[in-house]
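Values reported hereafter were calculated over all heavy atoms of this structure, with side chains retained and with hydrogens, waters and symmetry mates removed. A, B, ... follow the sequence lines: proteins, then strands. Residue 1 opens every chain. Just so we're clear, the structure is a prediction, and the values are computed from it rather than from any experiment.
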Amino acid sequence: MPNSPTPGAPDLLSGLNTAQRAAVTHHAGPLLVLAGAGSGKTRVVTHRIALRLREGLPGHHVLALTFTNKAAAEMRARVDALVGGSTTLPTVGTFHATSARLLRQWAPRIGRSASFTIYDDDDQIATIKRVLKAQGVGEKSVKPSEVREAFDRAKNEGRLPEAADLPPTLLAAGGAGVAEAYEAELLRSNALDFGDLILRVAQLLEREPELAAQLRRRWPVVLVDEFQDTNPAQLRWLRALSPPETQPDLTVVGDDDQAIYGWRGADVRNMLAFEQTWPGACVVRLEQNYRSTGHILAAANAVVAHNAERLGKTLFTDAGDGHRVEVEAFDSPRDEARWVAGRVRALCRDEALGPGDFAVLLRTAALSLDLEEAFRAVGVPAVQVRGRSFYERAEVRDALAWLRLAVNPHDDVAFQRAVGAPPRGVGDTSLDALSKAAAEAQLSLYSRALMPPTSVKAKARSALSTFSGLLDAHRALASSHTPVSQVAQTVLAPLLDAMRAHALTARDRREELSQRVENVERLVVALREFSREQPEASLEAWLERVKLVSDADAVPEGAAVSMLTVHAAKGLEFPVCFVIGFEEGTFPHARALRDGEAGLDEERRLAYVAMTRARQRLTLSWCRERRTFTETHHCAPSRFIGEVPRDHIEARVEPEPIRPAGRAFGAAGRSRGDGQTRRSRDADLYADPVYDDEAGVDGHWRVGMWVWHGDLGRGRVVGVSRGVRTTLQVEFEGVGRRSVIASWVSPYDGP
DNA sequence: CACACCCTACTTTTT
DNA sequence: GTAGGGTGTG
């Protein structure tokens with residue numbers, strides 16, 4: 001982040017430009033800050049909060065809403081750095097996390113208990129599948145994911161899913177009652193889906209004025225980051241909290257050119273119409289960019305200028321022209337990946353840059369496949385900032401299901417999952433019968449399993465009774481004062497024992513099965529870590545965090561190249577960025593183009609976001625051919641490349657034809673007309689100087705100690721290097737040697 | 001009812 | 001290439 005404030009700086013206004021200052025000091029009524037990319041938006045928000053607190057406003061009267069956990073964490077840290085200790089801290093959180101917290105207090109009003117479960121996409125799909133089955137709608141005639149999207153869309157738009165525009169295929173198959181049945185299912189399961197979290201708060205605040213009034217007294221000052229990404233339900237939420245007629249102290253910050261979540265129900269019109277919705281609002285534009293050099297900024301501006309519906313602003317910089325934008329073409333993704341990896345290595349050597357200064361931006365996560373291999377081949381550390389992969393593994397979900405049931409036994413999705421993990425003689429047949437009986441009696445699977453219907457066979461009934469007994473014991477344990485990690489250990493013991501036994505008996509898949517056991521063990525360790533950090537927190541709190549926080553929320557800092565999707569890169573910046581896969585069909589993505597002009601505009605904003613991540617160097621690359629799963633497509637360069645004026649582009653040079661495999665590096669050949677292939681220079685000269693294997697000591701890190709990493713598992717430190725950030729080289733079990741940021745691992749008692 | 005094996009359909013972005 | 005569904009066997 002640019003412009004880091006000096007901790008404890010007495011003057012919150014010094015170093016701000018005129019517009020920033022106006023935004024920080026604005027006092028009366030609603031404020032819209034149009035903040036271009038890299039214009040110091042976070043600085044404005046944090047200074048604005050800090051100024052209020054210094055004026056005597058207690059921190060707990062401030063609510064700051066963000067879109068991602070990453071942004072929330074950063075804002076919290078920066079406000080704390082400005083005012084730390086002098087007052088109570090503001091409430092900073094995502095819309096979803098804040099809503100969840102409120103709804104736990106208000107749970108009875110919506111037919112839930114405080115320990116309700118949050119259903120994510122997969123849980124929604126599982127529920128929908130069961131509902132479809134119960135309604136006799138074949139899964140072949142309707143895709144459950146389409147139904148899910150329809151429900152989501154309805155909730156994002158502030159409608160109940162009963163009013164969802166269901167897919168025509170579903171209606172044709174006679175599934176009109178699906179929405180109602182889905183809602184009933186969630187109610188019985190004591191669960192809420194993501195969309196519910198927002199919509200229910202909005203509805204409660206609208207319907208119960210005293211609740212809204214109470215909340216307004218608690219949070220008279222409200223700030224919203226990334227306002228362009230809010231959906232209609234979130235707007236209702238805000239209107240109820242900060243009614244326009246009261247001229248509330250509401251600050252929203254955003255950039256219509258960076259609206260990239262339309263597909264998830266976000267509506268830029270919230271931003272375009274802010275002045276109509278909150279009459280009398282003041283508008284401040286931040287147009288000076290402190291991030292990128294001139295050519296990069298001009299190129300990005302030129303691309304986004306092709307969009308029609310914009311509030312319109314043009315960013316400028318006084319940082320000088322800098323490097324031109326480089327455009328490279330390749331014959332294949334492999335060549336592209338190798339070239340990028342080689343280029344990173346060369347720049348590390350020539351320009352005093354470290355791997356952490358680089359990012360490779362991807363339109364879709366799958367584009368990273370060739371890159372990983374290429375970076376490995378040249379020995380440059382690179383990590384993909386991925387989504388929720390760890391928590392999506394089957395065995396991890398099984399374990400989570402058991403933990404969820406210990407908190408909320410009525411969670412049907414978890415019940416269905418846990419009853420079959422490990423297998424206990426309750427298969428599809430019994431589960432279908434139980435499910436049907438439960439639906440008829442308006443009971444959760446758990447409740448119905450206590451008195452199983454005769455349609456369930458005797459063997460399965462006894463298995464169900466054993467299972468229910470376990471759940472009862474777990475719940476009793478979870479609601480006692482037993483430490484959460486101990487609860488988890490007990491709850492997961494039967495699953496782990498069964499998995500271990502299975503792993504021992506399996507001949508061919510032993511490796512794989514013990515890996516799964518380890519994953520579940522990792523989950524327990526992660527929970528232990530969590531309860532060490534927050535001794536007061538409940539199992540429920542941890543489960544909520546698992547739902548609402550993704551791996552992508554980890555700030556990709558430090559000593560590795562970041563590979564990340566453009567969506568995940570939003571809000572971040574890197575000295576050097578490569579945007580790969582700039583082809584028609586990939587970026588803009590073919591699926592988005594099907595949505596017509598609006599789809600294309602959003603892709604263009606995505607390109608704008610990607611390009612404006614770069615501070616000093618930006619490379620756009622495309623491939624003449626790209627393989628999807630089976631076939632190879634011939635590709636044309638992205639139209640967005642053509643939208644960059646030539647003056648800002650480094651002369652394009654056609655790469656050499658592909659050389660036969662085996663020549664390892666540099667198949668992409670020369671990039672400049674200097675006649676020197678990358679291979680000959682890079683391979684020989686680059687000696688990895690970034691890490692030393694010296695037995696260094698930094699804080700409590702030392703060579704030989706065991707550490708734990710959330711993703712990579714258990715490993716032994718083999719090197720410590722100090723720099724701006726401490727980096728450890730760790731030999732991870734089953735993973736190999738990796739460089740990691742010290743703050744990402746924790747000490748771990750030996751095996 | 002569980003498991004192994006085969007086949008297919010699939011990849012946009014994620015709170 | 002692979003995950004998840006469908007089918008057949010023990």
Side-chain angles (χ1 to χ4, degrees), chain A residues 65-72 93-100 118-122 124-126 129 138-140 143-145 148-149 152 155-156 193-198 226 229-231 233-234 259-266 361-369 385-389 392-394 419-432 456-457 459-460 463 502 505-506 508-509 544-553 564-570 581 585-595 599 602-603 605-607 609-610 626-631:
Chain A
L65 292 164
T66 62
F67 201 65
T68 65
N69 296 287
K70 180 163 52 189
T94 63
F95 268 102
H96 288 87
T98 308
S99 298
I118 297 170
Y119 273 12
D120 65 14
D121 296 13
D122 289 330
Q124 283 183 288
I125 298 258
K129 279 183 181 169
E139 268 181 41
K140 269 156 279 168
K143 278 205 239 152
S145 61
R148 195 202 70 81
E149 276 163 31
D152 245 23
K155 288 183 179 177
N156 288 338
D193 62 29
F194 277 129
D196 279 326
L197 294 179
I198 307 295
E226 307 280 14
D229 288 333
T230 54
N231 62 37
Q234 285 162 328
I260 56 174
Y261 284 98
W263 54 274
R264 212 170 65 187
L361 304 178
L362 323 160
R363 175 61 185 85
T364 68
L367 290 175
S368 71
L369 293 175
V385 182
R386 357 185 254 306
R388 323 179 25 93
S389 54
E392 275 162 7
R393 292 174 202 187
V419 79
R424 51 172 11 90
V426 181
D428 288 347
T429 320
S430 311
L431 213 51
D432 283 351
V456 176
K457 292 225 173 68
K459 199 174 152 214
H502 189 195
T505 55
D508 44 346
R509 300 165 45 212
E544 178 171 314
R545 196 171 82 149
V546 167
K547 284 288 175 190
L548 298 178
V549 178
S550 78
D551 295 356
D553 287 319
L564 66 183
T565 64
V566 183
H567 285 88
K570 187 162 165 198
T586 300
F587 201 171
H589 198 277
R591 288 282 281 264
L593 292 176
R594 287 203 310 220
D595 298 340
E602 183 150 311
E603 292 293 299
R605 290 192 292 268
L606 209 45
V609 169
R626 191 169 292 275
R627 269 181 54 208
T628 44
F629 32 99
T630 46
E631 50 192 346

Participant: Rounded to whole angstrom, note down the P distance from B:dT13 over to C:dG4.
Facilitator: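 About 16 Å, rounded to a whole number of Å.
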Participant: Which whole-number value in Å describes the distance from A:Asn231 CG to B:dT15 P?
Facilitator: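 Spelled out: CG on A:Asn231 to P on B:dT15 is 14 Å.
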Participant: In whole angstrom, give the distance that lies between atom NE2 of A:His567 and atom P of B:dT11.
Facilitator: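 Roughly 16 Å, once rounded to whole Å.
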Participant: With the six-membered base ring of B:dT14 as reference, does the ring of A:Tyr261 sit under 5.5 Å away with planes under 30° apart?
Facilitator: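 The ring of A:Tyr261 is not stacked on B:dT14.
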Participant: Look up atom CG in A:Leu362 and atom CG in A:Leu367, then write down how far apart they are to the nearest 0.5 Å.
Facilitator: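 Rounded to the nearest 0.5 Å, the CG-CG separation comes to 5.5 Å.
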Participant: Between A:Lys129 and C:dG5, does any side-chain N or O lie under 4.0 Å from OP1 or OP2?
Facilitator: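 Checking A:Lys129 against C:dG5: at least one side-chain N or O falls below 4.0 Å of OP1 or OP2.
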Participant: With a 4.5 Å cut-off on side-chain heavy atoms, are A:His567 and A:Leu606 touching?
Facilitator: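 A side-chain contact under 4.5 Å exists here.
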Participant: Reading 5' to 3' and counting Watson-Crick or G-U wobble pairs with both distances under 3.5 Å, write the dot-bracket notation for DNA chain B, | for bases paired outside the strand.
Facilitator: ||||||||||.....
Participant: Can you tell me the distance, in whole Å, between the CZ atom of A:Arg605 and the C1' atom of B:dT13?
Facilitator: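 After rounding, the reported distance stands at 13 Å.
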Participant: Using a 4.5 Å cut-off on heavy atoms from C-beta on, say whether the side chain of A:Asp152 contacts that of A:Phe194.
Facilitator: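 Sidechains of A:Asp152 and A:Phe194: no contact.
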Participant: Which atom pair, heavy atoms only, marks the closest approach of A:Leu548 to A:Leu197?
Facilitator: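 Reported closest heavy-atom pair: CD2-CD1, 4.3 Å.
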Participant: From the set B:dT15, B:dT14, B:dT12, return the single nucleotide nearest to any side-chain atom of A:Thr94.
Facilitator: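 Among B:dT15, B:dT14, B:dT12, the one nearest the side chain of A:Thr94 is B:dT15.
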Participant: So, is A:Thr565 close to the B:dT12 phosphate, meaning a side-chain N or O under 4.0 Å from OP1 or OP2?
Facilitator: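 No, no such contact exists.
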Participant: Could you tell me the separation between the CD atom of A:Glu603 and the C1' atom of B:dT13, rounded to a whole number of Å?
Facilitator: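 Rounded to whole Å, this separation is 8 Å.
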Participant: Is the closest basic N to carboxylate O distance between A:Glu544 and A:Lys547 below 4.0 Å?
Facilitator: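 So A:Glu544 does not pair with A:Lys547 through a salt bridge.
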Participant: So what does A:Phe67 hit on the nucleic acid, given a heavy-atom distance under 4.0 Å: a base, only sugar-phosphate, or nothing?
Facilitator: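 Since only primed, P, OP1 and OP2 atoms lie under 4.0 Å of A:Phe67, the category is sugar-phosphate.
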Participant: Write down the distance between CD (A:Glu149) and C1' (B:dT14), rounded to a whole number of angstrom.
Facilitator: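 Spelled out: CD on A:Glu149 to C1' on B:dT14 is 12 Å.
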Participant: Does A:Trp263 contact B:dT12 through a side-chain donor or acceptor facing the base, at a distance under 3.5 Å?
Facilitator: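 Side chain to base: no pair present.
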Participant: Check whether any side-chain heavy atom of A:Thr364 sits under 4.5 Å from a side-chain heavy atom of A:Thr565, and report yes or no.
Facilitator: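 No, too far: nothing below the 4.5 Å cut-off.
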Participant: Can you tell me how far P of C:dA3 sits from CG of A:Asp122, to the nearest Å?
Facilitator: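 One finds 14 Å between P of C:dA3 and CG of A:Asp122, rounded.
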Participant: I need the CG-P distance between A:Leu593 and B:dT12, as an integer number of Å.
Facilitator: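 Checked: the CG to P distance equals 12 Å.
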Participant: A:Phe194 on top of B:dT15's base, within under 5.5 Å and under 30°?
Facilitator: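 Given the distance and angle limits, yes, they stack.
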Participant: So, under a plain 3.5 Å distance rule, would you say the side chain of A:His589 forms a donor-acceptor pair with the base of B:dT12?
Facilitator: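 Side chain to base: no pair present.
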Participant: Mind checking A:Ala365 for me? I need base, sugar-phosphate or nothing, with any heavy atom below 4.0 Å counting as a touch.
Facilitator: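 The answer is sugar-phosphate, as A:Ala365 gets under 4.0 Å only of primed atoms, P, OP1 or OP2.
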Participant: Let me spell it out: for each of A:Thr364 and A:Leu431, pick the nucleotide of DNA chain B with the closest heavy atom. Which residue's pick is nearer the 5' end?
Facilitator: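 The residue whose closest nucleotide sits nearer the 5' end is A:Leu431.
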Participant: Should the pair A:Phe67 and A:Tyr261 be assigned to parallel (<30°), tilted (30 to 60°) or perpendicular (>60°) ring geometry?
Facilitator: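 The rings of A:Phe67 and A:Tyr261 sit tilted, inter-plane angle from 30° to 60°.
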Participant: What's the closest nucleotide to the side chain of A:Ala366 if the choices are B:dT14, B:dT15, B:dT11?
Facilitator: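 Nearest to the side chain of A:Ala366 among the choices is B:dT11.
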Participant: In whole angstrom, give the distance that lies between atom CG of A:Asp121 and atom P of B:dT15.
Facilitator: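 For the pair A:Asp121 CG and B:dT15 P, the rounded distance is 10 Å.
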Participant: Using modelled atom types only, decide if a donor and an acceptor are shared between the side chain of A:Asp196 and the backbone of A:Asp193 within a distance under 3.5 Å.
Facilitator: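 Yes; judged by distance alone, with no hydrogens or angles, the pair exists.
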